[in-house]
J.: 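Sharing a structure with you now.
Side chains are part of it too, since the values below use all heavy atoms of this structure and drop only hydrogens, waters and symmetry mates. Just so we're on the same page: letters track the sequence lines, and every chain starts at 1.
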Amino acid sequence: MSEQPATASAPSHPASTPDEFDLPPAYDALATEQRLYEQWVESGSFRADPNPDREPYCIVLPPPNVTGALHIGHAFQQLLQDIVIRRARMQGLEALWLPGTDHAGIATQVVVERELAKEGIDRREIGREAFVEKVWEWKAQYGGRIVEQMQAMGNSCDWSRLRFTMDDGLAHAVRVAFVRLYEGGLIYRGERLVNWCPRDTTSLSDSEVNHWDVDGELVTFTYPFSDDPSHGVDVATTRVETMLGDTGIAVHPTDERYTGVIGKTVHHPFTGQDLPIAADDAVDPTFGTGAVKVTPAHDPTDFEIGQRHGWPLMNILTAQARIADTAPERFRGLDRYEARAAVLEALQELGLVKNVERPYAHPVGHCYRCDTEVEPWLAGLQWFVRVDPLKGPAKQAALDGKIRFWPERWTHAYTQWLDVLRDWNISRQLWWGHRIPVWYCPDGHMTCVVEDPSACAECGSEQLRQDPDVLDTWFSSQLWPFSTLGWPEQTTDLSYFYPTTTLITGYEILYLWVARMIMSGLYLTGDVPFHNVVIHGLVRDPHGRKMSKSVGNTIDPMDVVERAGADPLRFGLAWQATEAQNIPFGEEHVDAGRRFANKIWNASRLVLRARDGRTGPPALPDRAAMTLPERWLLSRHEAMVEEVDQALTEFHFAEAAQAIHRFFWSEFCDWSIEAEKERLYGGSPAERETAGELLAWVLERTLRVLHPMMPFVTEEIWQRFGAGESIVTAPWPEQRPELTDAEAEARFGTAQELVTAIRRFRKAHGLRDGLSLSATLAPRESDSKEIESVRPEIERLANLSSLEFGESASEVTGAARLSADGFDVFVRLEGVLDLDVERERLRARLAQVEAEAGRHRSKLANDAFVSKAPEAVVAKERVRLSSLDEEAEGLRSQLASLG
RNA sequence: GGGCGCUUAGCUCAGGGGUAGAGCGCCGCCCUUACAAGGCGGAGGUCGGUGGUUCGAAACCACCAGCGCCCACCA
């Protein structure tokens, strides 16, 4: 119970109100959330353990980078996971949400390097060991922050299972995985061009390179023939500096322009070497001049062409992308962009440049961590994963439905990506990460083993040196769903929770991470790592722009939690969680969430008070004791529960959030509670009890349906029902189809229309809401007795002093006539009305009705429609038309009587 | 160069063969005993364009345009 004192402005309630229900009139999220979270953790509500009596439901958290703070995108992704896991828990499943963090190789190393640089420290000076030590210190300092943030948002992780990708157990899993893949022939070492980031001085996998268009230049220049310098072959390039490493010229074999020159050589103006001209299919004769300069050491296509023709690799760049000593002296030491200009100038001096097209937009690869232009580079021997044997099963798992993507369209993106996937470079020339478990002896033998070896496996030499490289971060991440559960050991956790049930993540790491988990999972564990993959969009600012610090449109989830609370943030996010690629999010959504939490709080105050001190699970009253509006409420409630249940099963979070919001605000609060006040405040004791218990029953179940999205406010209120210890482990509401009541929905629907018509009339005439009117109701087609059962509610909601039932319009004179849903309502004028206003109202309505009737009339005049449309549709049109015609007639006579 | 997504109210987006929806914003009136973080009422869309299928299209199909994303070794 909150100790909060009532605010001074709060109205005090009658003395009969029991103290425990005298809740403050505003919900205070900040005073509530932390206390409840501590309760949950203390009671072990989020713990999960293998339990043969229950089915498991397991989600592993996509581990955030250990040294980064969580942003709104994390909050969003984690919310979706929390909604799923909380619902599963309520459904009685053994629900495990396993949290953890990632060491994030490059990202973390770069951050720590930058921090050390501020202190004037270069990692190369302090050495590998000391540097890694520093990174661990960093991890210790900032790693805990993620946990705090996640807890503040209410995430129901099993914190006893927190993992880190460099934990001992996970490090062991990485080694076992490497060794098994190596022994299976799926990991090999080779020298080939790799993506190289000259800034981070490491290689990158293809997935870690982002391509975008750069304004560059296209230089066309001439290589003179060796035997006839007055003629030559023109070639085009966007990177003219690479000509320093050219070792050949290629043309297409069928290109008639060049058939005569194949086999000849051209003269390199700076190296003085003769470069052969050869025919190769890789050349596109329609591009540029149709002749290509071939730089095998600096271009992947050229590398292959060079291989085919036995041309040498001439590496002219250093690791920092400066011109190396292999190049002519005059260019050495220049960085690649300086060299580009210098080479162009030198060529121009020789009169060899034919054309410079500038700007010339062309795609260039960039490092996904630092945006530096990536260089195709020979980085020595590198380790690769052979993907061909892994692709097939990984693709099949998706096609078979063993793994389902939500939304389904991602299945195609996934399989298409697999189709063109090439071998995965897993070596990184970094210090922070899992060392490659391979050792070399002086004779060059390789020893690849799980435990550090003391001697070479081949020759027994004890002079072993471990491979200096570390593994791609994603190599350890790909093991996450099973390494966190104890793999490679066959633990009870692993056999119980694996394969995990659902993975929820963003599309930006579908290939980087998701696809690789599937490939490695199938190979190493023999099973899929998860059955469902939910791919969500990226959180953007309210106008769809990417959130970035420089634009200043970022939202820090912690700021929101500290200011408004976690529930408002959660609901605001859930409301937007559609299948769209972008999720626009701004303060207004938090506000909406805050207002909703407050609305729930206040409606609950009323309902708890209406229970009049009764506690325990609310009892559903006998159907016989219920009024028609009460049956309507149950029917609408049931529809909402079914809709939410279905939506969440299909991971349609926004739909679920909106269904609850609509039901709660409009149907429960605006209609039902307002209608029930009639019985609550004016009924007999039995009526009061029925009404109170009914509202409580509906509210209590609604809280349970809402709990996964707004855990705090629902718990805070739910505990006051005395229906159990905690809503966290309360059962998910079962469906009760017998509560569906078409008749009640139809009748109360009519009542709603009547009420709205009367309210509208009142507003149109500028009458005060507080002014009671008296009215007579006359049916046009229906039997008025059917609606008579809703009379008290209509009177209350429309503020009528009396509502009489008349047989026909002719009985009523001197009254304004309103029409709604087959009824006419005659509101007594009693001289208070402005006749001009009334005439205006009638004319406007008449025009509307006639226009609408006209549409229906022409539709019914269409023989094709009448004969081909389903009968029910035609009948509906007829009913609608006759009703409109009657209303129009009534309006006309009304106008006539007013003059 | 392939593939995918989007285009509906002022803004951000749901929906989906048979009377156009929500939140926010806007305009009125109302501090009515759960809530002014509220209530009641209202204004505001030829559902991107063109053709087609159909009795009927905003929805299904084709093409087009604009925007966005992913994949891709055309120098």
J.: Check every strand shown and say whether A:Arg239 touches a base, only sugar-phosphate, or nothing at a heavy-atom separation below 4.0 Å.
T.: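 Nothing, no nucleic acid heavy atom in range.
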
J.: Taking OP1 and OP2 of B:G41, is either one under 4.0 Å from a side-chain nitrogen or oxygen of A:Lys763?
T.: no

J.: Could you please name the partner base of B:A43, counting Watson-Crick and G-U wobble pairs only when both distances are under 3.5 Å?
T.: none

J.: Among side-chain atoms of A:Thr750 and A:Glu753, is any donor-acceptor pair under 3.5 angstrom?
T.: no

J.: What nucleotide among B:C55, B:C71, B:G23 has an atom nearest to a side-chain atom of A:Ala592?
T.: B:G23

J.: To the nearest Å, how far apart are A:Trp671 CH2 and B:G39 P?
T.: 13 Å

J.: Taking the side chain as C-beta and beyond, is there a heavy-atom pair between A:Leu633 and A:Phe668 under 4.5 Å?
T.: yes

J.: Taking the C1' atom in each of B:C4 and B:C73, what is the distance between them to the nearest angstrom?
T.: 23 Å

J.: From the list B:C55, B:G41, B:G18, which nucleotide is the closest neighbour of the side chain of A:Thr756?
T.: B:G41

J.: Contact class for A:Pro870 (heavy atom, under 4.0 Å): base, sugar-phosphate, or nothing?
T.: base

J.: When you get a sec, tell me which of B:G41, B:A34, B:U12 is the closest nucleotide to the side chain of A:Lys599?
T.: B:A34

J.: Rounding to the closest angstrom, what is the interatomic distance between B:U7 and B:A14 at atom C1'?
T.: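 The answer is 14 Å between these two C1' atoms.
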
J.: Would you kindly say whether A:Glu579 and A:His652 are connected by a side-chain donor-acceptor distance under 3.5 Å?
T.: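 There is such a pair between these side chains.
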
J.: Have a look at A:Glu852 and say if it touches a base, only the backbone sugar-phosphate, or nothing, with a 4.0 Å heavy-atom cut-off.
T.: base

J.: Within less than 4.0 Å of OP1 or OP2 of B:G21, is there a side-chain N or O belonging to A:Arg662?
T.: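 Checking A:Arg662 against B:G21: no side-chain N or O falls below 4.0 Å of OP1 or OP2.
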
J.: Does A:Tyr681 reach a base, just sugar-phosphate, or nothing at all? Heavy atoms under 4.0 Å.
T.: sugar-phosphate

J.: Select base, sugar-phosphate, or nothing to describe what A:Asp670 touches, counting heavy atoms under 4.0 Å on all strands.
T.: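 Answer is sugar-phosphate: A:Asp670 comes under 4.0 Å of backbone atoms only.
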
J.: Which value, in whole Å, describes the distance between the C1' atoms of nucleotides B:G68 and B:C55?
T.: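 B:G68 and B:C55 have their C1' atoms separated by 39 Å.
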
J.: Which part of the nucleic acid, if any, lies within contact of A:Trp410, taking any heavy atom under 4.0 Å across all strands shown: a base, the sugar-phosphate backbone alone, or nothing?
T.: nothing

J.: Classify the nucleic acid contact of A:Ala603 as base, sugar-phosphate or nothing, counting any heavy atom under 4.0 Å across all strands shown.
T.: base

J.: Output yes when at least one side-chain N/O atom of A:Arg595 is less than 4.0 Å from OP1 or OP2 of B:C24, else no.
T.: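 Result: yes.
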
J.: Nearest nucleotide by nearest heavy atom, which residue falls closer to the 5' end of RNA chain B, A:Glu588 or A:Val420?
T.: A:Glu588

J.: Taking only the C1' atom of each, what is the distance from B:U12 to B:C29 in whole angstrom?
T.: 29 Å

J.: Between A:Thr578 and B:C13, is there a side-chain N or O to OP1/OP2 distance below 4.0 Å?
T.: no

J.: In terms of side-chain heavy atoms of A:Ala580, which of B:A75, B:G39, B:A14 is nearest?
T.: B:A14

J.: Under the 6.0 Å and 45° cation-pi test, does A:Arg759 pair with A:Trp671?
T.: yes

J.: Taking atom types as modelled and ignoring hydrogens, do the side chains of A:Asp246 and A:Thr295 form a donor-acceptor contact shorter than 3.5 angstrom?
T.: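 A pair is found: one side chain offers a donor N or O, the other an acceptor, under 3.5 Å apart.
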
J.: Find the distance A:Lys677:NZ to B:G39:P and express it as a whole number of Å.
T.: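 Rounding to the nearest Å, NZ of A:Lys677 and P of B:G39 are 11 Å apart.
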
J.: Return no unless some side-chain N or O of A:Arg409 is found under 4.0 Å from OP1 or OP2 of B:C4.
T.: no

J.: Using a 4.0 Å heavy-atom cut-off across all strands, classify A:Glu674 as base, sugar-phosphate, or nothing.
T.: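 It contacts base atoms.
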
J.: What is the distance from CZ of A:Arg796 to P of B:U33, rounded to the nearest Å?
T.: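 In whole Å, B:U33 P lies 11 Å from A:Arg796 CZ.
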
J.: It should be established whether A:Tyr507 places a side-chain nitrogen or oxygen under 4.0 Å from OP1 or OP2 of nucleotide B:G68.
T.: no

J.: When the distance from CZ of A:Phe596 to C1' of B:A37 is rounded to whole Å, what number comes out?
T.: 13 Å

J.: Can you tell me how far P in B:A65 sits from the matching atom in B:A58, rounded to whole Å?
T.: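 Here B:A65 and B:A58 have their P atoms 22 Å from each other.
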
J.: Please tell me which of A:Arg855 and A:Thr237 maps to the more 5' nucleotide of RNA chain B, matching each residue to the nucleotide holding its nearest heavy atom.
T.: A:Arg855

J.: Among B:A34, B:G68, B:U19, which is the nearest nucleotide to the side chain of A:Asn602?
T.: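 It is B:A34.
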
J.: Under a 3.5 Å cutoff, is there a donor and acceptor pairing between the side chains of A:Tyr360 and A:Glu217?
T.: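 No donor-acceptor contact under 3.5 Å links the two side chains.
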
J.: Using whole Å, what does the distance between atom C1' of nucleotide B:C70 and atom NE2 of A:His211 come to?
T.: 12 Å

J.: Would you measure the distance from the C1' atom in B:G45 across to the matching atom in B:A59 and give it in whole Å?
T.: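 My reading of the C1' atoms in B:G45 and B:A59 gives 16 Å.
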
J.: I need the CH2-C1' distance between A:Trp665 and B:A34, as an integer number of Å.
T.: 12 Å

J.: Measure from NZ or CZ of A:Lys859 to the centre of the six-membered ring of A:Phe865 and say whether it is under 6.0 Å with the direction within 45° of the ring axis.
T.: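 So A:Lys859 does make the cation-pi contact.
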
J.: With both distances kept under 3.5 Å, what pairs with B:G16, Watson-Crick or G-U wobble?
T.: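 Check on B:G16: unpaired, no WC or wobble geometry under 3.5 Å.
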
J.: Please check if any side-chain donor atom of A:Asp284 sits under 3.5 Å from a side-chain acceptor atom of A:His252, or the reverse.
T.: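 There is no such pair between these side chains.
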
J.: Once you apply a heavy-atom cut-off of 4.0 Å, does A:Asn862 come out as touching a base, just sugar-phosphate, or nothing?
T.: sugar-phosphate

J.: Nearest of B:A14, B:G23, B:C35 to any side-chain atom of A:Gln658?
T.: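 Selected nucleotide (nearest to the side chain): B:A14.
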
J.: Return the nucleotide paired to B:G38: Watson-Crick means purine N1 to pyrimidine N3 with N6-O4 or O6-N4, wobble means G-U with N1-O2 and O6-N3, both under 3.5 Å.
T.: B:C30

J.: For the P atoms, the ones on B:G21 and on B:A43, what distance do you get once it is rounded to whole angstrom?
T.: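 Nearest-Å result for B:G21 against B:A43 at atom P: 13 Å.
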
J.: Between C1' on B:A37 and OH on A:Tyr27, what's the gap in Å once rounded to a whole number?
T.: 14 Å

J.: Assign A:Ala764 to base, sugar-phosphate, or nothing according to its heavy-atom contacts below 4.0 angstrom with the strands shown.
T.: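 No contact.
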
J.: Strictly by Watson-Crick or wobble contacts shorter than 3.5 Å, is anything paired with B:G5, and which nucleotide is it?
T.: B:C67

J.: Expressed as a whole number of Å, how far does the P atom of B:U53 sit from that of B:C70?
T.: 39 Å

J.: Give the rounded distance in Å between these two atoms: CG of A:Leu510 and C1' of B:C69.
T.: 13 Å

J.: How about A:Glu650 and A:Gln646: does a side-chain donor come under 3.5 Å of a side-chain acceptor?
T.: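 On atom types as modelled, these side chains qualify, holding a pair under 3.5 Å.
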
J.: Nearest to the A:Pro300 side chain among B:C73, B:C69, B:A34, which nucleotide is it?
T.: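 When the side chain of A:Pro300 is considered, B:C73 is the closest of B:C73, B:C69, B:A34.
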
J.: In Watson-Crick or G-U wobble terms, both distances under 3.5 Å, what is the partner of B:G51?
T.: B:C61

